[in-house]
Amino acid sequence: MEIFNIQNLSFSYPDREPCLSDINFSVKQGEFIVVCGESGCGKTTLLKLLKPQISPFGKTSGEIKYLGKPLSKTFEEVTATEIGFVFQNPDNQIVTDKVYHELAFGLESMGVDTNTIKRKTAEMASFFGIEQWFRQSTDSLSGGQKQLLNLASVLVMSPKVIILDEPTSQLDPVASSEFILTLKRLNEQLGLTVIIVEHRLEEIFPIADRVIAMENGKILSIDTPKAVCKSLLGLPMELALPSATRIFSKVNGNGEIPVSVKEGRAFINENYKYKKSDEIVPLKSKKEITIRLKDVWYRYQKTTGDVLNGVDLEVNKGELYCLLGGNGTGKTTVLNVISGLSKAYKGSVIINNKKLKEYKNNSLYKGALGLLPQNPQSVFIKKTVEEDYKDLLKSIGISDDKISVTINEMLERLGISHLKSRHPLDISGGEQQKAALGKVLLTSPKILLLDEPTKGIDAFAKANLGRLLKELTSLGITVLAVTHDVEFAGEYADKCGLLFDGEVVSQDVPKRFFPQNRFYTTGSNLIASDVFPDCVTCQQVVVKCLEQQ
């Protein structure tokens, strides 16, 4: 039975070119569908059109049918309860102050009786393991807990289909894996139809029934994961495919194409021999340390526990340092303390051999330090990206004759020239991330702090970002990035650190840092660890394989 049938669907926002063109596909009840593609290709717009309550305003043509009836003519109470939607940012979906209120909110809105609400919320809380934090405040939850709560709050309405827009983008690797396993369990045990947009495909591809690959508002390929992977080899989107698939392709592997870590391990173990790890150059302390935290302690309120418990951290000039750790461990707090947004009650923060408290009258932000926050929307204050950039450049004293050239160069550098006249809040999450980074870079900071810089961006944009950051570090700019993206850190970081229980418990170069971990490691390392134990990127594995061919 078809739950959705989309025929000749096209959509355009007011005064813009179509962002969806001639979309045709159907979704069977109980299917697990993954939608992937570059940032801005129309994925989120497509998903929102399937949920009338959040459908974007614009010109629509074609037809969407839900259970055989036009979606536009389906009763609102049916689409409100039967079509669930989970957003990318968990904070955008939570509407109440307590966990149990949030679970009951949808049912209360539909007029369900109290006894039924109690039974349904109790069952859902038990299924998701929410009992321990059932009566907590929603603002006290970690990112992973918030996203689980959002999923549970949707499922308590007993939907027939659940639509998710990059739900793991703000989750750490462990929480992300648990979330995806929960979706698999719901799909297999309850027969729930799942339609999910994701950029991180390592774990989601192996459990999908079909994949829809999109490009420039059109469907590029729709088939089983293996068939879609095969069709995308040699195309730009190959960069987004699971590590097992990319390694197989680059070494010209024979047989069935692998998409999972398990299949990738089998391919490597069966075709290549163990090779002792190369000698890894030990960490050397450079003379110039640009960021130094010495025994830093911080808590948000006097009555609450410490978030940072004596953090010691050193980042050298011209280094890309990636700080990893679970949701709620204090990674963002570290950036806030370094940037002066939060004040440590004990310890010292030294920036360029100068104590943080010695920077007066915002001198820290005048060419010394730039911060890209986790929410890129908070960076923008004007109606277009160009106006926003122009306003900043004027405030830092750039002459009028240089402003246009400077703006165009930055937009071109980041590959977002097409966003110049767009409203910053009307573009996709990945595009917002790139536009916000551009604004921070316009200040020419010597130290760049990034909070989840790869959140919501596609693999191609991620590679461009990595190359840009390496270009900046080669010019002597220091970059400290907080990230959940182990693949990005493994590929581009000079050094990685793990924050746990409020302190940095380990740090090393990627080739030593990741192989020591079981969960905070890359897909490539998981695939090749038995044969090439020091490899943490696809390219490193490929090089080792080709040496034995």
Side-chain angles (χ1 to χ4, degrees), residues 2-27 31 33-76 78-80 82-89 92-93 161-167 193-199 210-222 228 237 377 383-385 416 418-435 456-458 461:
E2 288 183 347
I3 200 162
F4 277 117
N5 187 288
I6 293 91
Q7 295 182 357
N8 305 316
L9 177 65
S10 296
F11 178 83
S12 58
Y13 290 96
D15 302 320
R16 280 193 244 158
E17 294 294 317
C19 68
L20 293 176
S21 300
D22 198 29
I23 302 294
N24 292 275
F25 70 95
S26 61
V27 179
E31 270 197 301
I33 304 290
V34 173
V35 184
C36 60
E38 293 184 11
S39 298
C41 72
K43 304 184 300 297
T44 297
T45 299
L46 173 61
L47 261 58
K48 287 184 175 181
L49 288 171
L50 302 181
K51 175 77 172 175
Q53 287 77 13
I54 58 172
S55 289
F57 178 76
K59 183 180 179 181
T60 307
S61 61
E63 188 173 44
I64 303 174
K65 287 185 177 181
Y66 174 70
L67 295 176
K69 297 179 181 180
L71 186 63
S72 59
K73 296 180 180 179
T74 304
F75 289 124
E76 187 174 357
V78 172
T79 59
E82 294 187 6
I83 303 173
F85 200 103
V86 175
F87 292 88
Q88 179 183 115
N89 187 341
N92 290 347
Q93 195 159 350
V161 57
I162 187 164
I163 302 168
L164 307 100
D165 187 11
E166 295 188 51
T193 305
V194 178
I195 305 173
I196 181 171
V197 161
E198 262 297 335
H199 283 307
R210 285 191 298 157
V211 172
I212 299 174
M214 294 184 64
E215 184 179 65
N216 298 324
K218 297 181 179 180
I219 291 180
L220 186 64
S221 179
I222 177 169
V228 167
M237 272 192 65
Q377 294 183 0
K383 292 183 178 180
T384 68
V385 173
I416 53 173
H418 61 290
L419 303 179
K420 184 176 181 179
S421 60
R422 297 277 297 278
H423 195 294
L425 304 186
D426 286 341
I427 57 182
S428 73
E431 290 171 329
Q432 285 179 355
Q433 196 78 0
K434 288 186 279 187
I457 66 174
D458 59 77

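With rounding to the nearest 0.5 Å, the separation of CD1 in Ile219 from CD1 in Ile212 is 5.0 Å. Taking CD of Glu63 as the reference point, atom CG of Asn5 lies at 8.0 Å (rounded to 0.5 Å). Leu425 contributes atom CG, which lies 12.0 Å from atom NZ of Lys383 (distance to the nearest 0.5 angstrom). Rounding to the nearest 0.5 angstrom, the gap separating the CD1 atom in Ile222 from the CE atom in Met214 is 10.5 Å. To the nearest 0.5 Å, atoms CD1 (Ile427) and CD (Gln433) are separated by 10.5 Å. In this structure, CD on Gln88 lies 12.0 Å from CD on Gln93, to the nearest 0.5 angstrom.
Counting all heavy atoms, side chain and backbone alike, Lys434 lies closest to Ile457 at CG-CG2, 4.5 Å. In terms of heavy-atom proximity, Leu49 sits nearest to Ile64 at O-CD1, 3.6 Å. Contact between Pro14 and Gly58 at its shortest, heavy atoms only, is CD-CA, 4.1 Å. In plain terms, the two heavy atoms of Ile416 and Ala435 that are nearest each other are CD1-CA, 3.6 Å. For the residue pair Met237 and Cys36, the shortest heavy atom distance occurs at CE-SG, 3.9 Å. Of all heavy-atom pairs between Glu431 and Gly40, the closest is OE2-CA, 3.7 Å.
No donor-acceptor pair under 3.5 Å is formed between the side chain of Lys420 and the backbone N or O of Val385. Judged by distance alone, with hydrogens and angles left aside, the side-chain atoms of Thr384 form no donor-acceptor pair with the main-chain N or O of Arg422 at under 3.5 Å. Checking side-chain atoms of Asn24 against main-chain N and O of Asn8 turns up a donor-acceptor pair under 3.5 Å. Side chain of Glu31 to backbone of Ile3: no donor-acceptor contact under 3.5 angstrom is found. For the pair Asp458 (side chain) and Gly37 (backbone), a donor-acceptor distance under 3.5 Å is absent. Using a distance-only test at 3.5 Å, with no hydrogens or angles considered, a donor-acceptor pair links the side chain of Gln432 to the main chain of Pro424. Formation of a donor-acceptor pair under 3.5 Å by the Glu38 side chain with backbone atoms of Ala461 is not found in this model. Formation of a donor-acceptor pair under 3.5 Å by the Lys51 side chain with backbone atoms of Ile83 is found in this model.
Between Phe11 and Tyr13, the two ring planes are perpendicular [angle over 60°; tilted spans 30° to 60°].
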**OP:** I would like to know whether Asp165 and Phe85 meet side-chain contact (heavy atoms from CB on, under 4.5 Å); could you show each step before the answer?
**Re:** CA-CA 8 Å; Asp165 187 11; Phe85 200 103; 4.2 Å; yes
**OP:** For the pair Asp426 and Arg16, evaluate side-chain contact (heavy atoms from CB on, under 4.5 Å) and give the outcome as yes or no after the intermediate values.
**Re:** CA-CA 12 Å; Asp426 286 341; Arg16 280 193 244 158; 3.7 Å; yes
Subject >> Verdict with supporting geometry, Val161 and Val27, side-chain contact (heavy atoms from CB on, under 4.5 Å) >> reply: CA-CA 10 Å; Val161 57; Val27 179; 5.9 Å; no
Original post:
Please walk me through it: do Phe25 and Ile33 pass side-chain contact (heavy atoms from CB on, under 4.5 Å)?
Top reply: CA-CA 11 Å; Phe25 70 95; Ile33 304 290; 5.6 Å; no
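You'll find the side chain of Glu82 reaches within 4.5 Å of the side chain of Leu67, heavy atoms only. Looking only at side-chain heavy atoms (C-beta outward), Cys41 and Lys218 stay at 4.5 Å or farther from each other. Contact annotation: the side chain of Phe4 approaches that of Ile195 to within less than 4.5 Å [non-hydrogen atoms, C-beta and beyond].
Under a cut-off of 6.0 angstrom, the local environment of CD in Gln53 is crowded, with over 12 non-hydrogen atoms contributed by other residues, nucleotides or ligands.
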